[in-house]
Amino acid sequence: MADDKKKFFDRVKSNEYYVRWGKNAFPYVTAALLLSLFQIVTLAVTGNPWGVSGTFAYWGAWIFKAVGGSVDKWYYFASTGAQATLEKGILNHPESWRNIGIITGALAATLIASGFKIKKIKSKKQVVAAVIGGLMMGYGARLALGCNIGAFYSGISSLALSGWVFAVSLFIGAIIGSKLLVKYFM
Amino acid sequence: MKEVMLDCFGEACPVPLVKAQNKIKELEIGDVLIVQIDHSCAMKNVPEWARKDGYNVEVEEVDDGEWEVIIEKTK
């Protein structure tokens, strides 16, 4: 029985279609086409362009509310739109479902490719960099009212000038970031 | 002719690539550099760079989510 199982998975492993669709990464062009297609679908279905990081602010607010806090007086959540979103809850928030889909989809993809691994933390430097970097990205994305998806990708794909301004800033930030990385992480 | 292991487990892109680029400069022609990675995007950019520079490259999956990029410094 165990032998049969092993044989089955050995066969799957060398199957041409599994290798092409499940194991190997899609070419960049395929991924770009799929992204474009799905962002059109998302715009058509939800009425809003694709965004990712704004949702995390709502997740934070819902968690804060769940433990007894209140964000009603916070400037960021002061608009009636934001208040309505908070009121309706996570189950009626399309952006939350999409983010959950991204996370579970990424997990499924890595499991199908049998590439799942819990990585070791190598040094304290990594932790410090991850925490500082995460805070800066999250805070910056809220200040800019969008991240590289909402402000950059969706901005440019809806022909907004702001998307290009974001792109230039993103590029400058990436150059500075790589210099810092090479200086402190090599 | 020697074999050099470069442990990049737990390192995210582009750290493995930059480490590999620095390391191969220290090697002699004919030496082999083995870059150990567990970040799937390094599996794309490390071999891409090495092939573009004209080295012989092989990628081996050693375990779930772990790969070794074997680079022979040919020139």
Side-chain angles (χ1 to χ4, degrees), chain A residues 6 9-10 12-15 18-32 35 105-134 137 148 171 173-186, chain B residues 2-28 31-73:
Chain A
K6 195 175 171 310
F9 282 111
D10 280 347
V12 170
K13 240 157 101 179
S14 54
N15 181 287
Y18 167 72
V19 171
R20 189 180 303 167
W21 292 98
K23 188 77 195 168
N24 291 346
F26 286 172
Y28 289 135
V29 174
T30 312
L35 271 183
L107 176 65
T110 181
L111 286 175
I112 289 169
S114 71
F116 184 79
K117 187 195 167 192
I118 294 175
K119 285 164 195 160
K120 277 200 269 307
I121 296 170
K122 244 190 167 169
S123 64
K124 275 197 190 127
K125 231 162 50 173
Q126 266 186 343
V127 180
V128 174
V131 170
I132 295 176
M137 282 204 296
N148 54 334
F171 195 68
I175 292 172
I176 298 171
S178 355
K179 298 271 181 225
L180 288 175
L181 185 100
V182 171
K183 195 166 171 210
Y184 291 107
F185 263 84
M186 292 303 136
Chain B
K2 56 178 179 183
E3 242 184 48
V4 178
M5 279 279 185
L6 184 62
D7 174 10
C8 289
F9 287 139
E11 312 261 32
C13 284
V15 176
L17 176 64
V18 181
K19 277 195 167 163
Q21 286 172 332
N22 289 341
K23 196 80 196 170
I24 205 141
K25 283 187 206 141
E26 300 167 11
L27 300 186
E28 318 254 325
D31 290 351
V32 173
L33 176 67
I34 300 175
V35 192
Q36 300 174 301
I37 50 173
D38 59 6
H39 195 232
S40 61
C41 91
M43 204 177 54
K44 229 175 158 99
N45 62 25
V46 174
E48 245 172 41
W49 148 75
R51 285 198 182 104
K52 225 164 67 194
D53 274 20
Y55 305 131
N56 287 335
V57 183
E58 244 177 85
V59 182
E60 218 168 290
E61 186 174 8
V62 287
D63 202 347
D64 286 354
E66 285 182 12
W67 300 272
E68 284 180 358
V69 184
I70 304 153
I71 304 167
E72 187 194 355
K73 187 164 179 176

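Below, chain A is the first sequence line, B the second, and so on; all start at residue 1. If you're wondering where the values come from, they're calculated on a predicted model, not measured in any experiment. Just the heavy atoms: all of them, side chains too, but no hydrogens, waters or symmetry mates, feed the values below.
- For a residue to count as touching a neighbouring chain, one of its non-hydrogen atoms must lie under 4.5 Å from one of that chain's; by this rule A:Lys120 touches chain B with the backbone only.
- A:Phe26 and B:Lys44 get closest at one heavy-atom pair: O-NZ, 3.7 Å.
- Using modelled atom types, no side-chain atom of A:Lys117 and backbone atom of B:Asp64 make a donor-acceptor pair closer than 3.5 Å.
- Under a 4.0 Å N-O distance rule, the pair B:Glu61/A:Lys23 qualifies as a salt bridge.
- Heavy atoms from other residues, nucleotides or ligands lying under 6.0 Å from CD1 of A:Ile175 number more than 12.
- Of the two parts of B:Asp63, neither the backbone nor the side chain holds a non-hydrogen atom closer than 4.5 Å to a non-hydrogen atom of chain A.
- Under a cut-off of 6.0 angstrom, the local environment of NZ in A:Lys119 is crowded, with over 12 non-hydrogen atoms contributed by other residues, nucleotides or ligands.
- The structure places CE of B:Met43 at 7.0 Å from CG of A:Asn24, a figure rounded to the nearest 0.5 Å.
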